[in-house]
Amino acid sequence: MPLPESEIRALMRAEHGDPFAVLGPHQDEAGLWVRALLPGARTVAAVQASSGWPLAQLERQGDSDLFAALVPAAEARLGYRLQVDWGTHTSELDDPYRFPPVLGDTDVWLLAEGTHLRPFEQLGAHLRQIDGVQGTAFAVWAPNARRVSVVGDFNNWDGRRHMMRLRRECGVWEIFAPHVAAGDAYEYEILSSAGEVLRKSDPYGFAARLRPQTASVVQPLPRPTALPAGRAQANLRDAPISIYEVHLGSWRRKNGHEWLSYRELAETLVPYARDLGFTHIELLPISEFPFDGSWGYQPIGLYAPTSRFGTPEDFRAFVEAAHAAGLGVILDWVPAHFPTDPHGLGRFDGTALYEYADPREGFHHDWNTLIFNYARTEVRNYLVGNALYWLERYGVDGLRVDAVASMLYRDYSRPAGQWVPNAQGGRENLEAIDFLRRMNQVVGVQRPGAFTVAEESTSFPGVTRPPEHGGLGFHFKWNMGWMNDTLAYVGLDPVYRPHHHQQVTFGLMYAHSENFVLPFSHDEVVHGKGSMIGRMPGDEWQKFAGLRNLYGYLWAYPGKKLLFMGGEFAQYAEWNHERSLDWHLLDHAPHAGIQRLVRDLNNVYRHFPALHEMDCEAPGFEWIVHDDKAHSVFAFIRRAADGRFVLAVCNFTPVVRHGYRLGVPAEGAYREIINTDHAVYGGSGVGNGVLAAEAVPWQGRSHSLQMTLPPLATLLWVLV
């Protein structure tokens, strides 16, 4: 039976809410009808799929681009294809409307419930073969849309060609598009309930075109990958973890301005970090993002490695190269907010779908971004699934979660009256807290050996406590308080440091309340803060001595280590994401000396369990000298689980102190294993070598050392 004119008009305007109800094969009392909407076609015929035998010539319906005909039912049910004359050429197509639903009942149930552990296995674009036909199954969540189409080069970006089926139980639109292959670009064309036509990238797209293009790209779902042997042990809280933080686009460039590819970075960055003794590489966000100046912290495609540096396969090769070199890979991950770009998640189906509708909850004024609506089960599922995706499908070791403080508090960076209290009248975002606990619990259960790190700058309790014990469940937390106090202290002229002694000692009041990472990150060398070497006071010699002293103190202090690229050789300039690091500085001895010190600190840190095994345990630290304000000297013991120890002494003045006596925990001979003032690092060469403990009681101990403290230097000692 011919379609009513109203339905034909709705199809031609791409406003039909249920195209599968009228297009493709449909049985009525007259027989089996085949209907196809093919804008631009001149003639259309149905032929048997297996033999090419003609079945029927489809007739144009009025002046529309809808073609229809009665076809022999028995032959058509065995499969048919459409022969299309486009005027300039002909083609033979499989009809997308003759294929069954893409999603299974169990997947629909779990997606509706928001409990699908791996929604990326069903949503997005998936290469499949159905009824012997190769193509791509598309599925996208847009519950409030009137119509959703997938568009691309394969249909001339015409939203009438592949209008999708709505699975109302879960709000997902789906279609199997025959012949769409890997590498094909696509987007979703969405008709909102208000009649607005939107063009959106795929939230679950596994690849994307390089900006300023906005299309997603059909890409095979990466195969699952296990953590290599030994990686789980290397990620534990008692392991030595020293992290080299990197922005891939500006670490090094070729020809002065071109990015290195993932594979080129595997050949250069990986051996460089390994040779400097780092244990992990942390990458600023590599999920696809439109604006270079966001450094990746405003992502659009959470499931797509940015195409700036190559393909998803290239990124996987980078991770594998890092693992082969004994390095872990950590990704900065951004589940806190997303940009307002029109092709992104904002008002995805014409409504506030991924974000909170109320701007007092859903808009972040600091970054002009939208905030995920953690109250929606589908949004939490999207984010939890994404965490698992990077860990399982690319084999990365860990995720550093950005801007956690902004997620935890509804009044974060908001004036009075511009935020909405939670259901209990408080300022905590209870939904975000539940999401973080859920994410960490899923990661812990589904990906043992991986870890998560919180960038959290407040005193929120239990960030690294397990969820079952009331915590958020992170494995580690950035120690922002220690970092701010330490940089403030070392930035002072040494003459003023005695008056700020507590900025060093206060951190030990809470140093073991969480599992901490000590971060000298990218945030400390941008926005007018200068460089690490630029923070140091004094003349050039004092600046380099001060930086060497700071690094010695960092590597001796309890907590895992993190250093942003360029800091390892004392880059002078503030970091600029648009240019390479200043590698030529390594031709100058002071910069090369800093790099050599970082290498030696990493090697000592990894070799001596006392410096890492009990980073997160109070018995792993003991003060010897914490009250010598007059001389700005600090001394402490770091212990391993078996009682072995390393003695650390820090002199934060540019004065050589001869005959400085220090109580020590045991008799015997002590050897310097690190002296940041050693001549090989560019120091003055003041040191001690090996000293024998004397039976002179001091500071409540039966034995003591009388040593010379080099200027602006840290000494590390062990029993011979």
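Only heavy atoms go into these numbers, but all of them, side chains included; no hydrogens, no water, no symmetry mates.
In this structure, the ring of Trp109 has its center no less than 6.0 angstrom from the ring center of His116.
Look at Asp397 and Arg231 and you find a salt bridge, because one of the NZ, NE, NH1 or NH2 atoms lies within 4.0 Å of a carboxylate O, short of that distance. A salt bridge does not link Asp523 to Lys529: none of the charged side-chain nitrogens sits closer than 4.0 Å to a carboxylate oxygen. Contact check on Glu455 versus Lys477 returns no salt bridge, with no Lys/Arg side-chain nitrogen under 4.0 Å from an Asp/Glu carboxylate oxygen. Salt-bridge formation is detected for the pair Arg237/Glu617: a Lys NZ or Arg NE/NH1/NH2 atom is positioned less than 4.0 Å from an Asp or Glu carboxylate oxygen. Between Arg211 and Glu288 no salt bridge is recorded (no basic side-chain N to carboxylate O distance below 4.0 Å).
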Point to revise | Intermediate values then yes/no, ring pair (Phe, Tyr, Trp, His ring centres under 6.0 Å), His527 and Trp295 | key: CA-CA 13 Å; His527 303 319; Trp295 315 330; 5.6 Å; yes
Point to revise | Residues Asn144, Ser193; criterion side-chain hydrogen bond (donor to acceptor under 3.5 Å, both in side chains); working and verdict | key: CA-CA 7 Å; Asn144 304 303; Ser193 58; over 6 Å; no
Practice item. Apply side-chain hydrogen bond (donor to acceptor under 3.5 Å, both in side chains) to Thr214 and Glu187, showing your working. Key: CA-CA 8 Å; Thr214 59; Glu187 290 183 319; 2.6 Å; yes
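Shown here are the ring-ring contact (aromatic ring centres under 6.0 Å, His included) partners of Tyr204, two or more places apart in sequence or in another chain: Tyr303, Tyr382. With sequence neighbours left out, the ring-ring contact (aromatic ring centres under 6.0 Å, His included) criterion links Phe451 to His280, Phe476. Residues that satisfy the side-chain hydrogen bond (donor to acceptor under 3.5 Å, both in side chains) test with Asn381, not counting sequence neighbours, are absent from this structure.
Using the six-membered ring where Trp is involved, Phe372 and Phe338 have ring planes that are tilted, between 30° and 60° apart. Classification of the Tyr262-Phe318 ring pair by plane angle, with boundaries at 30° and 60°, yields tilted. Relative ring orientation between Phe206 and Tyr389 is described as parallel, the plane-to-plane angle staying below 30° on a 0-90° scale split at 30° and 60°. Using the six-membered ring where Trp is involved, Phe435 and Tyr374 have ring planes that are parallel, under 30° apart on the 30 and 60° scheme.
Distance alone, capped at 3.5 Å, places no donor-acceptor pair between the Glu613 side chain and the Asp238 backbone.
More than 12 non-hydrogen atoms from other residues, nucleotides or ligands lie less than 6.0 angstrom from CD of Gln502.
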